[in-house]
Amino acid sequence: MTAFLAILSRDLKLGLRQGGDLLTLVLFFVIVGVLLPFAVGPDRPLLSQLAPAIIWVAALLAQLLSHDRLFRSDFEDGSLALFRQASLSLDGLVFAKLIAHWLLTGLPLVVAMPVLALVLGLSADGFWLAVMTLLAGTPALTAFGAIGAAVTVGLKRGGLVAPVIVLPMSLPVLIFGTGAFDPARVGAASQALLLLAALSLVSMALAPFAAALALRISGE
Amino acid sequence: MSDISLAAEGIVLERGGRAVLVDLSLAVSPGEALMLRGPNGAGKSSALLVLAGLLAPQEGRVRFTGADPDAPPFAHLHWVGHDPAIKSGLSVAENLRFWIDVLGGRRDRMGDALEAAGLAGLEDFDAGLLSAGQTRRLALARLLAIPRPLWLLDEPTSALDADGAHWVGQLLANHLAGGGLAVIATHLDIPFSGDSKTMTLIRAGA
C-alpha cells in the first residue's frame with residue numbers, strides 16, 4: 001500500500017510541478033473544440049448538433065497526446081527496472097500510475113468543459129451530460145492508452161506508433177460517448193453512461209495486467 | 001537479513017543476434033562478493049541484468065536459495081545500473097523517500113543514508129541539478145536506506161571521486177560483514193577489504 005501511494009503521489013507531484021504539460025493538454029482540448037466551429041461555420045443549430053462529436057474527438061486527441069509520457073521517463077531513467085524489485089507487483093504499480101495519469105489528463109478535460117460548452121452553444125442539460133460522459137468514459141481512454149504506451153515504450157519513435165494501436169480500441173468509447181446525446185432514442189443517455197462506466201471499470205481493471213506484461217517484455 | 005545464496009548455471013544469452021554470454025555459471029554465498037571483470041562488451045552488465053531478472057536468458061537459470069517464497073521474486077535484491085532512477089523535479093529527499101516507500105525500506109534510515117552518501121544539506125535541492133557523481137551517490141544511498149541481502153552493482157564507482165570510491169568500498173565491506181552478498185561489474189579497482197572472488201569474462205566469439 002505504501003508503494004502504491006508513493007507512486008500515486010510522486011506522479012501527481014511531478015505532473016503538477018511541470019504544470020506546462022497540464023496546461024498544454026487543456027489548451028489543446030479547448031483549441032480543437034474552438035477550431036471546428038470555425039470550420040463548420042456560424043450555423044448554431046448544426047453546431048449544437050455536432051457538439052457531442054466535437055467534444056469527444058477533442059478529448060480523444062488530447063488524451064492521445066498525453067499517453068506517451070506515461071511510462072517513457074520512467075523507462076529512460078531506469079525507474080522501470082527498479083519497479084521490478086518493488087515490494088508490490090508491477091501490475092499494482094502500473095495501476096497507481098494509471099490513476100495518477102487519469103487525474104492529470106482526464107479530470108482537467110472535465111474541468112475545461114464549461115469553456116467548450118460556451119463556444120459550442122450547448123444547453124445546460126447538454127453540458128451536464130457532456131461532463132458525465134467524460135467522467136465515465138475518459139478512464140477507459142487512459143487504460144487503452146496505457147497499453148499502447150507500454151507496448152511502444154522501448155521504441156524511440158513510440159509516440160507515433162502508439163495512437164495507431166490505441167485508436168481502434170478507443171472506438172467504443174467514442175461511440176457511446178456521443179451516443180448518449182442521441183435525442184431520437186428514449187433513455188439513450190442513461191444507457192450510454194452505464195455502458196461507458198462499465199467499459200471504464202473493466203478496462204481500468206484489466207489494463208494494468210496487460211501494460212505490466214508489455215513493460216516486462218519491452219524492458220529487455 | 002535472511003541468508004540467501006545466489007547460483008547461476010549455464011546461462012546462455014543472445015542479444016541482437018550476437019552471443020553475449022556463453023555458458024556462464026557462478027555461485028555467491030553470504031558474506032561473499034564476486035567481481036565481474038573484463039573488457040568493454042564482455043557482457044558484465046548483461047550478466048547483472050540476467051541475475052536481476054531484467055533479461056531472460058535463452059538457456060540456463062538463476063536460483064536464489066533461502067529467499068522468502070511469499071515475497072515478490074526480486075524483492076531481496078538491489079540492482080544499481082547505469083541509469084540512476086533519479087527524477088529531476090523532485091528534491092533529493094523526495095527521490096530517496098519515494099524509493100524507500102516503493103522498495104520497502106525504512107524512512108528512519110533516510111537521514112543517515114544521505115549523510116553517509118555525502119549529500120547532507122542537499123535534502124531540498126532539486127535532484128535534476130546534481131552532478132553525475134552526486135546522482136550516483138544518491139542512487140547508492142538506496143543500498144543503505146533499504147536493507148536487502150543481495151546487491152548487484154554495475155560500475156558503482158564510475159563518476160565518483162576518490163572519497164566516493166572509498167565510501168563504496170566501506171559500504172561493501174560492512175554489507176559483507178553483515179552476511180550480505182554482492183556481484184559487482186567493474187573495470188575500476190574498488191578499494192575494499194573483505195572476502196571477494198574475481199571472475200573475468202571474455203568477449204564471446206572473440
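Proteins get letters first, then strands, A, B, ... in listed order; numbering begins at 1 in each. Quantities reported herein were computed from a predicted structural model and do not represent experimental measurements. Only heavy atoms go into these numbers, but all of them, side chains included; no hydrogens, no water, no symmetry mates.
Classification of A:Arg10 and B:Glu94 as a salt-bridged pair fails, no side-chain N sitting under 4.0 Å from a carboxylate O.
The minimum heavy-atom distance linking A:Ala86 with B:Ala75 is given by the pair O-CB, 4.1 Å. Contact record, A:Ser79 with B:Lys87: OG-NZ, 3.8 Å, taken as the closest heavy-atom pair.
For a residue to count as touching a neighbouring chain, one of its non-hydrogen atoms must lie under 4.5 Å from one of that chain's; by this rule B:Ile86 touches chain A with the backbone only. Of the atoms belonging to B:Arg97, not a single heavy atom falls under 4.5 Å from chain A. Contact of A:Gln85 with chain B is made through backbone and side chain together, with heavy-atom distances under 4.5 Å. In this structure, no portion of A:Ser9 lies under 4.5 Å from any heavy atom of chain B.
Within 6.0 Å of CD on B:Glu9 lie more than 12 heavy atoms contributed by other residues, nucleotides or ligands. Counted within 6.0 Å of CE on A:Met132, heavy atoms from surrounding residues, nucleotides or ligands total 12 or fewer; the atom is thus considered open. For B:Gln58, the CD atom sits in a packed shell: over 12 heavy atoms of surrounding residues, nucleotides or ligands are nearer than 6.0 Å. A 6.0 Å sphere centred on CZ of A:Phe4 holds more than 12 heavy atoms belonging to other residues, nucleotides or ligands.
The aromatic rings of A:Phe83 and B:Phe98 sit perpendicular to each other, their planes meeting at more than 60°, with 30° as the lower class boundary.
Taking 4.5 Å as the limit, every side-chain heavy atom of A:Leu82 sits out of range of all side-chain heavy atoms of B:His78. A heavy-atom distance below 4.5 Å is not found between the side chains of A:Leu88 and B:Val102. Between B:Leu54 and A:Arg84 the shortest side-chain heavy-atom distance falls below 4.5 Å.
Per-residue heavy-atom pair counts under 4.5 Å with chain B were compared for A:Leu93, A:Asp74, A:Leu5, and the maximum is reached by A:Asp74.
With rounding to the nearest 0.5 Å, the separation of OG in A:Ser87 from CG in B:Asp101 is 8.5 Å. Here the straight-line distance linking atom CG of B:Leu103 with atom OG1 of A:Thr2 works out to 11.5 Å at 0.5 Å rounding. The CZ atom of A:Arg17 lies 6.5 Å from the OG atom of B:Ser91; values are rounded to the nearest 0.5 Å.
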